[in-house]
Amino acid sequence: MYQIKKIAILLTCHNRKGKTINCLKSLYKAAGFSNASIRFDIFLVDDGSTDGTSEEIAALYPDINLIKGSGNLFWAGGMRLAWETALSRNEDYDAFLLLNDDVVLMENFLQSLLHTHLYCLKQFHQPGIYVSSTIDLETQKISYGGVVVDKKGIRVKKSNIKPGDVPVSCNMTNANILLVTKFVVNSIGILDPNYTHQFADYDYSLAASRLGIPVLVCPGIGGACINDHGKSWLSPKSTLKQRIDYLHSPVGLAYKEQLYYLKKNFRLQFPYYFIMLWLKTLFPTFWEKLKKDDH
């Protein structure tokens, strides 16, 4: 009933042709597109690239469904467009694989995802969401994956999940390698349209978890990817205008969207994080001292 025979693979990209092509090369090598037991369709949004990304993809992989973006979609907008396009085909996909274009996939990533699906059906008697962890090859540390969130205090406590030999439950995920089953899409839809760039993957997995949908971390490592998020504030050397601009930028603190995310998912902790947003913006010197003291 819940077999996975047809998967839509969703990506978005913007002006990093080399990384995007490397990701696709690893995908074609690992997924076994000649395997007749599973059908794959790829939907890739090129959000206004000017570095020849679309042209090279079209030449190398003419079977990819290449979708032109406006240049202002960012990550969440691009992934939504790819997802909406896949759904509009009425192909009745069994699952949707969300994939970041800077991931180089391990050859066994798909087997691990499908194994986790079977485990989920056996343990929870329903399909779920499955995240495959990525590793930074230089540091050998987990860069993205699944997280357990504890909302009991005024601050959110997060524990990163280290993948083991069997799938492990979590309640929040990154979407660098994320398999979402049709059952989940039918239950909660796709990514919330209130997000431009950040928070959409966290929000989606939290929403599923609240409804009792299993969210699982797959065994092993699914791909290699550097955590490029960096610090979430500008240095004290920046001007107040620069910090205010960063506060509102979709690739900065995304102020309105972050407030929406916090109110939706962390109402008890909202006052604390609201104050912290302004503290790091107005008083970055004090904020940096505070962060050093935390460590």
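Quantities reported herein were computed from a predicted structural model and do not represent experimental measurements.
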_Donor-acceptor check, side chain of N174 to backbone of G145, threshold 3.5 angstrom: yes or no?_
yes
Nearest heavy-atom approach of N171 to V148 is OD1-CA, 3.4 Å
Lys/Arg N to Asp/Glu carboxylate O, R16 vs D101, below 4.0 Å: yes
Taking every heavy atom of S49 against every heavy atom of N15, the minimum-distance pair comes out as OG-N, 2.8 Å
From the list F266, Y255, Y195, F199, ring pair (Phe, Tyr, Trp, His ring centres under 6.0 Å) with Y260 holds only for Y195
Distance col, row I7:CD1 vs L179:CG, nearest 0.5 angstrom, shows 5.5 Å
Say whether I142 and V147 are linked into one hydrophobic cluster, either directly or through other cluster members, by side-chain heavy-atom distances under 4.5 angstrom. no
- Message: Is it true that N265 and R210 share a donor-acceptor pair across their side chains at a distance under 3.5 Å?
- Response: yes
### Query
Is it true that D92 and K182 have a side-chain N and a carboxylate O under 4.0 angstrom from each other?
yes
More than 12 heavy atoms of other groups within 6.0 Å of E138 CD | no
Would you say that L279 contacts L282 through its side chain, given a criterion of any heavy-atom pair below 4.5 Å between the two side chains? no
I'd like to know if the side chain of T116 and the backbone of S112 have a donor-acceptor N/O pair within less than 3.5 Å.
yes
Q: Would you tell me whether D47 and W75 have side-chain atoms, one donor and one acceptor, within less than 3.5 Å of each other?
A: no
Does any N or O in the side chain of K141 come within less than 3.5 Å of the main-chain N or O of I135, such that one atom is a donor and the other an acceptor? no
Under the criterion side-chain contact (heavy atoms from CB on, under 4.5 Å), I'd like the reasoning laid out for N65 against I42: C-alpha separation, chi angles, the key distance, then a yes or no.
CA-CA 6 Å; N65 297 284; I42 302 175; 5.6 Å; no
Close side-chain approach of V45 to F43, heavy-atom, < 4.5 Å: no
Backbone N/O of K152 and side chain of D150: donor-acceptor pair under 3.5 Å: yes
Task: Pairing of D41 and R39 as salt bridge, 4.0 angstrom limit - done: yes
In terms of heavy-atom contacts, Y93 and A86 come closest through CE1-O, 3.6 Å
Checklist entry - Do P163 and P219 touch side chain to side chain, with heavy atoms closer than 4.5 Å? => result no
D63 vs Y28, side-chain contact (heavy atoms from CB on, under 4.5 Å): CA-CA, chis, key distance, verdict: CA-CA 11 Å; D63 55 320; Y28 273 77; 2.9 Å; yes
Residues, nucleotides or ligands: over 12 heavy atoms within 6.0 Å of N186 CG
yes
Quick one: does E84's side chain get under 4.5 Å of I190's, heavy atoms only? yes
Check your understanding: Does D192 pair with K264 as a salt bridge, N-O distance under 4.0 Å?
Key -> yes
Closest non-hydrogen contact found for Y130 with C218 is CB-SG, 4.0 Å
Keeping the roles fixed (side chain from E257, backbone from A254), state whether a donor-acceptor pair exists under 3.5 Å. no
Original post:
Do T181 and I129 have side-chain heavy atoms sitting under 4.5 Å apart?
Top reply: no
Correct closest heavy-atom pair for L73 and S70 would be CG-OG, 3.8 Å
Rounding to 0.5 Å, atoms OG1 (T85) and CD1 (I67) come to a distance of 3.5 Å
Give me the ring orientation class for Y119 and H115: parallel if the planes are under 30° apart, tilted from 30 to 60°, perpendicular past 60°. tilted
Could you see if L268 belongs to whatever hydrophobic cluster contains V156? Use Ile, Leu, Val, Met, Phe, Trp, Tyr and a side-chain cutoff under 4.5 Å. no
| request: Could you tell me whether the side chains of S37 and K5 share a donor-acceptor contact shorter than 3.5 Å? | output: no
dist Q269:CD -> R155:CZ (nearest 0.5 Å) comes out at 11.0 Å
Check for me, please, whether L121 and V217 land in the same ILVMFWY cluster - side-chain distances under 4.5 Å, paths through other members count.
yes
CG of L105 to NZ of K29, rounded to nearest 0.5 Å, is 11.5 Å
CD1 (I9) and CG (L24) are apart, to the nearest 0.5 Å, by 9.5 Å
Is L191 reachable from L81 through a run of I, L, V, M, F, W or Y residues, each pair having side-chain heavy atoms under 4.5 Å apart?
yes
- Please tell me if the side chains of V215 and T173 come closer than 4.5 Å, counting only heavy atoms from C-beta onward. yes
*asked:* Are L113 and H117 packed together at the side-chain level, in the sense that at least one heavy-atom pair is separated by less than 4.5 angstrom?
replied: no
Please answer whether the main-chain N or O of L262 pairs with a side-chain N or O of R267 as donor and acceptor at a distance below 3.5 Å.
-> no
Would you say L137 ends up clustered with I177 if hydrophobic residues are merged whenever their side chains have heavy atoms under 4.5 Å apart, either directly or through other cluster members? no
Could you tell me if K280 sits above the aromatic ring of F274, with its cationic atom closer than 6.0 Å to the ring centre and no more than 45 degrees from the axis?
no
Hey, are the side chains of Q258 and Q198 touching, using non-hydrogen atoms and a 4.5 Å cut-off?
no
task: For the pair L27 and L99, evaluate side-chain contact (heavy atoms from CB on, under 4.5 Å) and give the outcome as yes or no after the intermediate values.
output: CA-CA 10 Å; L27 174 61; L99 182 61; 4.2 Å; yes
Exercise. Is it the case that S143 and T134 place a side-chain donor and acceptor less than 3.5 Å from each other?
Worked result: yes
Would you please test S187 and I213 for side-chain contact (heavy atoms from CB on, under 4.5 Å) and show each step?
-> CA-CA 9 Å; S187 301; I213 293 169; 4.1 Å; yes
| request: Kindly say whether T53 contributes a backbone atom to a donor-acceptor pair with the side chain of D51 at under 3.5 angstrom? | output: yes
- Query: Just by distance, do the side chain of D94 and the backbone of I4 share a donor-acceptor pair under 3.5 Å?
  - Reply: no
dist L11:CG -> L66:CG (nearest 0.5 Å) comes out at 11.0 Å
Between N227 and D136: side-chain donor-acceptor atoms closer than 3.5 Å: no
Would you say the ring centers of W83 and Y204 fall short of 6.0 Å from each other? yes
Of all heavy-atom pairs linking V103 and S26, the shortest is O-OG, 4.0 Å
